[in-house]
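Atoms considered below: every heavy atom in the structure, side chains included; atoms not considered: hydrogens, waters and symmetry mates.
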There are 2 protein chains.
Amino acid sequence: MSAEQTKDRILHAAQELFAEKGFPATSLREITQRAGVNLAAVNYHFGSKDGLLEALVRHCIEPINAARMRMLEEAEDAAQGAPLPLDRIIRIFLEPALRQLTDCDAKMPCILSRMHHEPHPGLEALMADLLTPIIRRFVAAVQRTLPERTPSEIILHGHFMIGAMLHLLDAQPSMLHTMSEGAIDVNDNDYLLDQLVSFCSAGFQHA
Amino acid sequence: MSAEQTKDRILHAAQELFAEKGFPATSLREITQRAGVNLAAVNYHFGSKDGLLEALVRHCIEPINAARMRMLEEAEDAAQGAPLPLDRIIRIFLEPALRQLTDCDAKMPCILSRMHHEPHPGLEALMADLLTPIIRRFVAAVQRTLPERTPSEIILHGHFMIGAMLHLLDAQPSMLHTMSEGAIDVNDNDYLLDQLVSFCSAGFQHA
DNA sequence: TCCAGTTTAAAACAATCGTTTGAATCAAAC
DNA sequence: GTTTGATTCAAACGATTGTTTTAAACTGGA
């Protein structure tokens, strides 16, 4: 097995287990067993368990943020300087994250929410580093659409939006399913995305 | 020291440490040391570390839910059968939770968010048991105000609202503070509550 | 074929974990 | 003052943790 294959299998197993049980409750033996590699491979390839976590965070977040940046730039280019509709901006922010639910192995709780809520030393700073440029970019876009809003208001509303998104991504679809007595199709990600975009768009524009 | 004092000190120390570092990463030795009690006291009074977690969850959640129930019933009684304004319902749901931020020791990350996101076996079911009656009660109240909404829609919007609330309660005020370059006063809980209520009220009423 | 560098394998490391034990201590009832 | 039950204490238990070590297996270029 090549080195890249080994690293990928470790990352994949770690993503599943961290999402399912959290970082401290997951042992390296569990990860390497599921990945089918030797225990020492984690320390060899990633230096430490903490190193694996940081690599996993980057591995999961960076593609999402890259997609957000690309889609926002394409939309702004196409608009030729005109402000984008608010729901368009919000959808561009939310869709790459929610798409994880569709692309990932079925039923896997999403690692993205776990990364935001895992209280690990240094992780919050790393997440802030990865998210700050994206947030600034989207705040600027919203400000062009809602010029009467202050940046602080937009940031606070974005905070609410991210919270709603993370909670939807979290391992709680069962809660939604049981509470609605099966009426909500938790696998219909297009519907969930539409509803979330509408909810947040209205929230941003509140009187 | 009486037995009740011992249990309270353990609960208090556990609340701080679980909120700060999460459940699996917090050792009983750390808790008992901070509480100033003997290590064996946890197993004596709560049976096990898991038993302590369950007791803490009930200790933290039940007062909030009791306040929600009481305030909603008082408001409905005063309205004499008329539907309550939406923002009134939402404020009654959010305020008892956000008040924790004011009442708790300053700067303490809120345990409420951690409890929702800690992936511990059995904890999700316990949280569902504690929250289900409250949610059903509030869904019924909202449905009287927004009769054109289906229960499923209200539940989904409530899900978004809870996500926004938990993210605000989470240990991320520093993120808000730095992103807004200090313009957002993260200690002004009245302002944060007002904004969250407005955001969610608009979200519930979206076209 | 040989060799240098890389990756894996199994075992052992010290440290820490939750839990249990049994004696010591406490408070109150008789 | 003695007894009884509840509570606290220090110590130790076995198990598991992340990490390191040593040798074996593999890799691709001369």
Side-chain angles (χ1 to χ4, degrees), chain A residues 1-59 111 114-115 118-124 126, chain B residues 1-59 111 114-115 118-124 126:
Chain A
M1 194 186 328
S2 79
E4 278 311 309
Q5 272 182 332
T6 300
K7 293 179 73 169
D8 282 347
R9 294 176 66 165
I10 291 173
L11 282 172
H12 187 257
Q15 177 172 352
E16 287 183 359
L17 287 166
F18 287 169
E20 186 181 333
K21 314 172 44 172
F23 178 72
T26 301
S27 71
L28 293 182
R29 286 165 177 81
E30 222 173 343
I31 295 171
T32 52
Q33 190 170 341
R34 179 174 296 203
V37 303
N38 187 265
L39 169 62
V42 171
N43 284 279
Y44 179 80
H45 285 289
F46 298 99
S48 66
K49 194 187 178 187
D50 281 8
L52 170 59
L53 177 62
E54 179 172 337
L56 181 60
V57 168
R58 295 187 181 279
H59 178 79
I111 189 72
R114 176 73 6 92
M115 285 168 177
E118 188 75 70
H120 191 73
L123 184 58
E124 192 177 344
L126 175 58
Chain B
M1 191 187 333
S2 79
E4 277 311 309
Q5 273 181 332
T6 301
K7 292 177 73 169
D8 282 348
R9 295 176 64 166
I10 291 173
L11 282 172
H12 188 257
Q15 178 173 351
E16 288 183 1
L17 288 165
F18 288 169
E20 186 181 330
K21 314 171 45 174
F23 178 72
T26 303
S27 71
L28 293 182
R29 285 164 178 83
E30 220 172 345
I31 295 171
T32 52
Q33 189 170 342
R34 178 173 297 203
V37 303
N38 187 267
L39 167 61
V42 171
N43 285 278
Y44 178 79
H45 285 288
F46 299 99
S48 65
K49 193 187 180 188
D50 281 8
L52 170 60
L53 178 61
E54 179 173 338
L56 181 61
V57 168
R58 295 187 181 279
H59 178 80
I111 188 72
R114 178 71 8 88
M115 285 167 176
E118 188 75 70
H120 190 74
L123 183 58
E124 191 177 345
L126 174 60

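With sequence neighbours excluded, the residues forming a side chain to side chain contact (heavy atoms under 4.5 Å, CB included) with B/Arg58 are B/Glu54, B/Glu62, B/Leu126, B/Leu130, listed by chain and number. Evaluation of the ring pair (Phe, Tyr, Trp, His ring centres under 6.0 Å) rule for B/Phe23 yields B/Phe18, B/His120 as partners, not counting sequence neighbours. Residues that satisfy the side chain to side chain contact (heavy atoms under 4.5 Å, CB included) test with B/Ala13, not counting sequence neighbours, are B/Ile31, B/Arg34, B/Ala35. With sequence neighbours left out, B/Lys49 forms a side-chain hydrogen bond (donor to acceptor under 3.5 Å, both in side chains) with no residue at all. Annotation: side chain to side chain contact (heavy atoms under 4.5 Å, CB included) contacts of A/Ala55 (sequence neighbours excluded): A/Leu11, A/Phe46.
Counting to the nearest Å, the C1' atom of C/dG22 and the CG atom of B/Asn38 are 13 Å from each other. Going from atom CD1 of A/Ile10 over to atom P of C/dT8 covers 8 Å, rounded to whole Å. Here the P atom of nucleotide D/dT7 and the CZ atom of B/Arg9 are 16 Å apart, to the nearest Å. For the pair A/Phe46 CZ and C/dT7 C1', the computed distance is 14 Å after rounding to whole Å. Atom CD in B/Glu4 sits about 11 Å away from atom P in D/dT8, given to the nearest Å. Between the CD atom of A/Gln5 and the C1' atom of D/dC26 there is a distance of 14 Å, given to the nearest Å.
By the 6.0 Å contact criterion, CD on A/Gln33 is open, its count of non-hydrogen atoms from other residues, nucleotides or ligands being 12 or less.
Between A/His45 and the phosphate of C/dT6, there is no side-chain N or O to OP1/OP2 separation shorter than 4.0 Å. Between B/Thr6 and D/dT7 there is no side-chain polar atom (N or O) within less than 4.0 angstrom of OP1 or OP2.
The nucleotide whose nearest atom lies closest to any side-chain atom of B/Tyr44 is, among C/dT7, C/dT8, D/dA6, D/dA6.
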query = Tell me, for nucleotides 17-22 of chain D in 5' to 3' order, what letter each nucleotide earns: B for a base near a protein heavy atom under 4.0 Å, S for only sugar-phosphate near one, - for neither?
reply = BBBBB-
